[in-house]
Protein chains: 8
Amino acid sequence: MSDVRVDHERHARTNVPEVIFGASKTREQIERIARELYAGAGFALATRVAERDGEALAAILPDARYFATARVLQCGALPRTRTRIGVACAGTSDLPVAEEAARTLDAFGHDVVERYDVGVAGLHRALASRDELDSCRVVIVVAGMEGALPSVIAGLVRSPVIAVPTSVGYGASFGGLAALLAMLNSCAPGVSVVNIDNGFGAACVAHKIVSSQQ
Amino acid sequence: MSDVRVDHERHARTNVPEVIFGASKTREQIERIARELYAGAGFALATRVAERDGEALAAILPDARYFATARVLQCGALPRTRTRIGVACAGTSDLPVAEEAARTLDAFGHDVVERYDVGVAGLHRALASRDELDSCRVVIVVAGMEGALPSVIAGLVRSPVIAVPTSVGYGASFGGLAALLAMLNSCAPGVSVVNIDNGFGAACVAHKIVSSQQ
Amino acid sequence: MSDVRVDHERHARTNVPEVIFGASKTREQIERIARELYAGAGFALATRVAERDGEALAAILPDARYFATARVLQCGALPRTRTRIGVACAGTSDLPVAEEAARTLDAFGHDVVERYDVGVAGLHRALASRDELDSCRVVIVVAGMEGALPSVIAGLVRSPVIAVPTSVGYGASFGGLAALLAMLNSCAPGVSVVNIDNGFGAACVAHKIVSSQQ
Amino acid sequence: MSDVRVDHERHARTNVPEVIFGASKTREQIERIARELYAGAGFALATRVAERDGEALAAILPDARYFATARVLQCGALPRTRTRIGVACAGTSDLPVAEEAARTLDAFGHDVVERYDVGVAGLHRALASRDELDSCRVVIVVAGMEGALPSVIAGLVRSPVIAVPTSVGYGASFGGLAALLAMLNSCAPGVSVVNIDNGFGAACVAHKIVSSQQ
Amino acid sequence: MSDVRVDHERHARTNVPEVIFGASKTREQIERIARELYAGAGFALATRVAERDGEALAAILPDARYFATARVLQCGALPRTRTRIGVACAGTSDLPVAEEAARTLDAFGHDVVERYDVGVAGLHRALASRDELDSCRVVIVVAGMEGALPSVIAGLVRSPVIAVPTSVGYGASFGGLAALLAMLNSCAPGVSVVNIDNGFGAACVAHKIVSSQQ
Amino acid sequence: MSDVRVDHERHARTNVPEVIFGASKTREQIERIARELYAGAGFALATRVAERDGEALAAILPDARYFATARVLQCGALPRTRTRIGVACAGTSDLPVAEEAARTLDAFGHDVVERYDVGVAGLHRALASRDELDSCRVVIVVAGMEGALPSVIAGLVRSPVIAVPTSVGYGASFGGLAALLAMLNSCAPGVSVVNIDNGFGAACVAHKIVSSQQ
Amino acid sequence: MSDVRVDHERHARTNVPEVIFGASKTREQIERIARELYAGAGFALATRVAERDGEALAAILPDARYFATARVLQCGALPRTRTRIGVACAGTSDLPVAEEAARTLDAFGHDVVERYDVGVAGLHRALASRDELDSCRVVIVVAGMEGALPSVIAGLVRSPVIAVPTSVGYGASFGGLAALLAMLNSCAPGVSVVNIDNGFGAACVAHKIVSSQQ
Amino acid sequence: MSDVRVDHERHARTNVPEVIFGASKTREQIERIARELYAGAGFALATRVAERDGEALAAILPDARYFATARVLQCGALPRTRTRIGVACAGTSDLPVAEEAARTLDAFGHDVVERYDVGVAGLHRALASRDELDSCRVVIVVAGMEGALPSVIAGLVRSPVIAVPTSVGYGASFGGLAALLAMLNSCAPGVSVVNIDNGFGAACVAHKIVSSQQ
């Protein structure tokens, strides 16, 4: 039976390095691929790593850190770019997804501007964060429930907004479907959307946007 | 075969007068029921009346007016109450639904505060309308697409918000489903929701709210 | 990383005090926020608090009670208003949602009229509860399965009806979707709807309705 | 290419005669099959026949009548059975479906008890029709929108209830889906359901129920 | 807080005795209601009783038996009627639902004809069971996956068919939705449908059908 | 702006010739591409051609025929293969889809065995067609409504069954979704499924199956 | 009643000029707003303009052109930026959406690289377009049916991909839902998605991406 | 109560031997049926057998092997056919489904060509596997997430493609629905689809295809 085969040329071809999706892998599989990637490029990143595995791997892998809220395991880092990228959400429930995006971007070398207290039902905070987010080249906006925050932010800033619906909610949120549909129907121009809870995917889009600029 | 039977006691029992749903009736049926209701109570109201029928009926029915955008036909009016009720939406596309609510409330005797230019992608207008909407006992908020406006308004005012999703949109709006789900998942407390495009239903809820106060 | 930030002005701005949504918080987080809220306003309320946490917190927080069926933790109370608000449902399965609404309203200072034995398949009980529910300024009607009870009640009383679908049922109830759709399509005027299982949300709507009357 | 082939033995095998579904057939096809069926059994029935075709065919086919509301074309009739079967609905919008059931049952030889003014928002009428419907061996209950009527009727009578959802409604009725789901989740025992708008199907179920009794 | 209240007149009013839905009740609640019902009418039935509770209660309740596959607990029985009612399904997976129907009918006093080996992919067995099922006054057909069996059986017998979709399947069965939709769209006249996995509901419909015949 | 570009090598690469999907093209576009394909390979086929266009084009294109029920336009034909392929459906409503498959297969050179009178509610016909369909290398089974026919046929024959759901039906058929889901959940092994109404697609699968045999 | 109010500051605030959504407006409304916008900024753009209206308006508005496939009406243009943006799709059916994106980008001043012949079932063309698309700062990929093209392109180029599902298809495409879901689940990093058929929205995202670079 | 009854003639009638679906059976039931089948035909196969049961049964059943990734238990084998059948997928997550297909086909006697490293975001591998897959009589393509791989493969090879969507993914994959819809809408001719995760079903289709060739 075949095993996991690493696509080393992907970084050159697509501007995004190969990253380990930890959700469907054992601790041993994550360790082996991380070592292989780090040996090749001095950098390895794994997402959706459970806390128990993440803490254990961070203790044995080279140059490694584990971020529990984000569930991200990082070995080494890509060179710093000084590009500012914003990550905004309304609060505690959406933090794991927002942090997955933020930690991925930081590992990719970018400066992350985090605003985790902006909700649509308290506009003063959205307005207060306007200048800071407007100074970023891209803004990732994470929201569950009614998914309205990307529309509000996109009406305030000049940067493109990448919207990430989360599965936060219950009942008629249908696992994030309500937020997803809301974001796809945003009346504010300049909003594009990634899959539910896909903080990593949003970070990749933002990374490709700022990397294709040079 | 049975015919339409008017429930004259409904007004006393439920605080809402019997109103004609014009969508599934012929011009002759609307005329006959309107005459019967007006003869009994000096008041008749019909919603979803097509323009051709509405103009023709307004010309022959007693004390009648027809509102084309709202598709509402009115004969007489209930006594003025001086109660202020707000109706807000973002603009042209949602006007028929907002106007259906506004004209129904006006016919029921209330003072309607209309703000038809508040959208989530331009918060300055929502903020500018705050004091006016906050002075109303109830605010009806009509929105299609991502349906985010009720959350924004409910975060700004003390009055309860009745949210009306509209079928305005295309693609992943799925005929108003996106707006409906967003409103049901509102993170702002104090929002309740009626059926898609149901401006009349929102007006009835608002009317019952202010009528049960005496 | 940012932490939970309390929006102390929300009460003044929206007539609803900040309330703790316990479902996504640890016992420690609930305790900390409850102490902070109680210190500021002499009142704190938390919903969706698991029994184990609720009993423990009720023992250590000031002026605290825990209601197991409702999963509500309360410290202090808002001033009594003497306003009557009805809460109706058909029986045991819907009790947690109905009680969440009832205990929230009681904590907000209102007199709650509870009728937990009215089902559509036994109309005599609905009719027997008519006068009592008709004397309330608002009636919250909680129902799972076919979600027909709000239509029946709204045809009997003058007060506005806030309908709460519950996820009670199986198979084609699809987690409360059947009840939700039924309520949105109510043929009885004056019914508005909140999210599935959202007893707290219905209480907030009712509270805003009776609070905007003064 | 093959053509329509009549299954003459179906009546003996299943207790239901072959009936023409007119919706997908030309006037000529309906005429030809009706003549063939009538020649064989002295009886032919076609449903979903458009008014223009129905009136024309009623004028030329033997022993024929056309019912416009029901869209049913009938040639001859089956022997009278004196069995009482109830058909109930709330009013005008559901009439075509209720009448399709009623006219089919009448053609099959049964006595149809029609109550077309019973709605859930006016319980006095449901209660007033109780004895009459309770005297029927089966009751067909037709309803659109929230589809609550079958639950109410099934709680009042001893006969089995066949529920027919209709596509009457808009927005979140989703073409009758809301009513269908409500009926499938009925809390009243003894309710079974047929397809949306399928008045003919409900009549067949009722006919099989009373025919399997001898 | 209110408690469970038994509706003792339901049997007279609707021809179906009050039955305990065990899924949402504790062992103590089931015991208490069963004792109360048995004391009043010499009969009590509970469905969806978990094996551990069922075995324990059968040991202490009067005249009691527990059926593990059906998850049905029975105390006493209604008088035998000698009416034959068929229950058919394709095999092991659908047995719990078929048995729930069969044991309920047996407790209600009817003679149950069980055929649990008829599947659409092996027509010889369906054909072999034809005469036996055709001798029943009603046939309950239980099926998961593509839900085709009711159509096949209804084309073979004169009795009405009550179709019960089950949640058996995976992937695109969507918890029984595929079977439910198939049954609602049956091309065979005389099929009506109850909720997914609702064997008890089908038994009630069959019971009402044969009880309304006297 | 670019125009339609024909992929001449597709036939060699995939064993299926390029075929014109007429639904989204003007008569002039169909004519131009058909002439180009016929000039290159002596064969052109267009599906979903409206009757008016089909008759007109058949009159002017070389070696052309138009099949109205199938909506297929054919110029020339591929060499005869003598391979027998079955096409089965229940009757008139499904004929356009069945004929689209049959005419495509005939144009591709295969011998088509058509059985258009086999329905699940009349098993004698399915049984009567067994030997004929069993002699085919592949059987395409077309069905709307409950979509049960492929399961029945696949339980009778040794050849693989390609199931084609059709949009025939109403209400809970949801445009063919019910039939599609039923077919995907077939309990009979050896059934695979194509898109709703995709008779052409089924023909391509059958053609590839028998062409990959040499 | 309020009328259309132009938000002149939107361009400065969000980097996207106010654009007229022609679908819900009369020819007169489009003309009036276009004149107002052109008078203010020397530029006006309207999308979803029907051919009849577009040709007529292009004849009377200043500096105007109408693009029939794209349904875009343009008066004047923004300054040229020399930034290359790619637009790719598989062919004729998706052209209106691809062209809406392309004409909008051209009007916004960018150089559009159009590749309208790349489909997933003919990879040689996708590979042939690789270098050209890789030279663009952003690539918009438009696809209906299975919506697989964005994944394929995103695996080939370094630029970010904005995916636009189209409603092209039938049956189980469910109006573009199949393509939308596929794109949201893309296994290729760097893909974000806009609403079904929203070519204009994709152009706005691309425009914001390249405009936030300076 | 009836028990499991083996349909020994199914193999002759449908070309597919009776196979044990282990998911809903106890270890004892699997053992008993496997022994009965092996005694009759020298061959038994069980799918969806949990690892603990599979290892235990492989140790005691005659001529038995258990494949953990595939969850397949095999006793004996059918005669080798030397027919090549391809199984392709993108990697680790889809392996259980791909292996279920591969091990079933191997047990049925065919030569399985496995390519488990072909994904749409890395076309070089798909192109590299072209000749090998093109040499197979049928190719089974397994894919989760956006489900695009079958379209890509079907555009490269002459053999028919059987597409198997998997439930691999999260958020808007909706348990494999996204992949399923994508495959049903494939723009590449010659693709047919089986249920989500149904590797066994795909193997049966492939087996029937190559078995009906002789």
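Basis for what follows: all heavy atoms, side chains included, without hydrogens, waters or symmetry-related copies. All figures in this text were calculated on a predicted structure; none of them were measured in a lab. Below, chain A is the first sequence line, B the second, and so on; all start at residue 1.
In this structure, chain D has no heavy atom under 4.5 Å from any part of Val161(E). Contacts between Val19(D) and chain E at a heavy-atom distance below 4.5 Å are absent for every atom of the residue. At a 4.5 Å heavy-atom cutoff, the contact between Val16(D) and chain E is made by side-chain atoms alone.
For residues 155-204 of chain D, no pair satisfies ring pair (Phe, Tyr, Trp, His ring centres under 6.0 Å), with sequence neighbours left out.
Counting heavy atoms from C-beta on, the side chains of Leu184(E) and Leu180(D) come closer than 4.5 Å. In this structure, Asn185(D) and Asn195(E) have side chains that are in contact, with non-hydrogen atoms separated by less than 4.5 Å. A heavy-atom distance below 4.5 Å is found between the side chains of Arg13(E) and Arg130(D).
Open room surrounds CZ on Arg65(E); 12 or fewer heavy atoms of other groups in view lie less than 6.0 Å from it. Heavy atoms from other residues, nucleotides or ligands lying under 6.0 Å from CZ of Arg158(D) number 12 at most.
At distances below 3.5 Å, not a single donor-acceptor pair connects side-chain atoms of Ser192(E) with backbone N or O atoms of Val194(D).
In this structure, the separation between OG on Ser159(E) and CG on Asn15(D) is 8.0 Å, given to the nearest 0.5 Å.
Here the closest non-hydrogen pair linking Lys208(E) and Gly190(D) is CD-CA, 3.6 Å.
Here Val157(E) is the residue among Leu181(E), Asp134(E), Val157(E) with the most heavy-atom pairs under 4.5 Å with chain D.
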